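Remember, it's a predicted structure, so these values are computed and weren't measured experimentally.
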Amino acid sequence: MTEGTTSAAEGGDTLTRLEQEGEIAADYLEGLLDIADLDGDIDMDVEADRASVSIISDSGGRDLHKLVGRDGEVLEALQELTRLAVHRETGDRSRLMLDIAGFRAKKRAELAQLGAQAASEVKSTGEPVKLDPMTPFERKVVHDAVAAAGLRSESEGEEPQRFVVVLPA
């Protein structure tokens, strides 16, 4: 077997595993929605080597915002519970991402803009810029935006006060 064939097979195995994670997560979340008597559709995808599951609503999602909570706190907890449900079924640690009512997608866009603005400020002043404390998800989005702007960044501090510092080139 050639090396390319092995990589393709491994890639297929990874995709199958991530799709399985998405299916398990969707079943878990469907049960949760039923228990909470909330309406929502489940959308599954694979993005950046992660299973991605979204709960969306055609009716504006007012009820789904209860599952997001203040600043996404409930969403974070539900994501961890969903990851645990996947782990229980597969035996493997999951990096699954959960979005509810577009909250995480909107947050990702806002954070990418924040990272780009911080990078622009660092380029113009030559001084490092420290941002407010963020969750690991939020820091990752900012780090990616800073890298796309051609600069580097680091995380400093201890959870839950860990923050991003954007550094000059």
Roughly how far apart are [X] [atom1] and [Y] [atom2], rounded to 0.5 Å?
X	Y	atom1	atom2	value
His87	Leu96	NE2	CG	14.0 Å
Glu47	Asp99	CD	CG	9.0 Å
Met44	Leu18	CE	CG	12.5 Å
Leu114	Glu138	CG	CD	9.5 Å

So do the side chains of [X] and [Y] get within less than 4.5 Å of each other, counting heavy atoms only?
X	Y	answer
Asp63	Asp39	no
Ser155	His143	yes
Ile55	Ile42	yes
Arg104	Glu76	yes
Leu67	Leu64	yes

If we ignore hydrogens and angles and just use 3.5 Å, is the side chain of [X] paired with the main-chain N or O of [Y] as donor and acceptor?
X	Y	result
Thr90	Asp92	yes
Lys123	Ala149	yes
Thr82	Leu78	yes
Arg162	Pro136	no

For [X] and [Y], which heavy atoms make the closest approach, and how far apart are they?
X	Y	result
Phe103	Leu75	CD2-CD2, 3.6 Å
Val164	Ser153	CG1-CB, 3.9 Å
Leu131	Ala118	CD2-CB, 4.2 Å
Val141	Arg108	CG1-O, 3.5 Å
Leu151	Leu167	CB-O, 3.8 Å
Val74	Lys66	CG1-O, 3.9 Å

Solution key, residues 20-37 side-chain donor-acceptor pairs under 3.5 Å, sequence neighbours excluded:
from: Glu21; atom 1: OE1; to: Ser94; atom 2: OG; distance (Å): 2.9
from: Glu21; atom 1: OE2; to: Arg17; atom 2: NH1; distance (Å): 3.1

Evaluation steps, salt bridge (Lys or Arg N to Asp or Glu O under 4.0 Å), between Arg139 and Glu156: CA-CA 10 Å; Arg139 290 193 309 268; Glu156 293 183 5; over 6 Å; no
Quick check: is [Y] connected to [X] through a chain of hydrophobic side chains (ILVMFWY, heavy atoms under 4.5 Å apart)?
X	Y	result
Val53	Ile56	no
Phe137	Val68	no
Leu111	Val122	yes
Met97	Leu84	no

Carboxylate-amine/guanidinium contact Glu80 Arg83, below 4.0 Å: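 Looking at Arg83 together with Glu80, the answer is yes, because their closest N to O distance falls below 4.0 Å.
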Neighbour count above 12 (heavy atom, 6.0 Å) for Lys106 NZ: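 Count not over threshold, so no.
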Glu159 CD: over 12 foreign heavy atoms closer than 6.0 Å: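 For Glu159, atom CD is crowded (more than 12 foreign heavy atoms under 6.0 Å).
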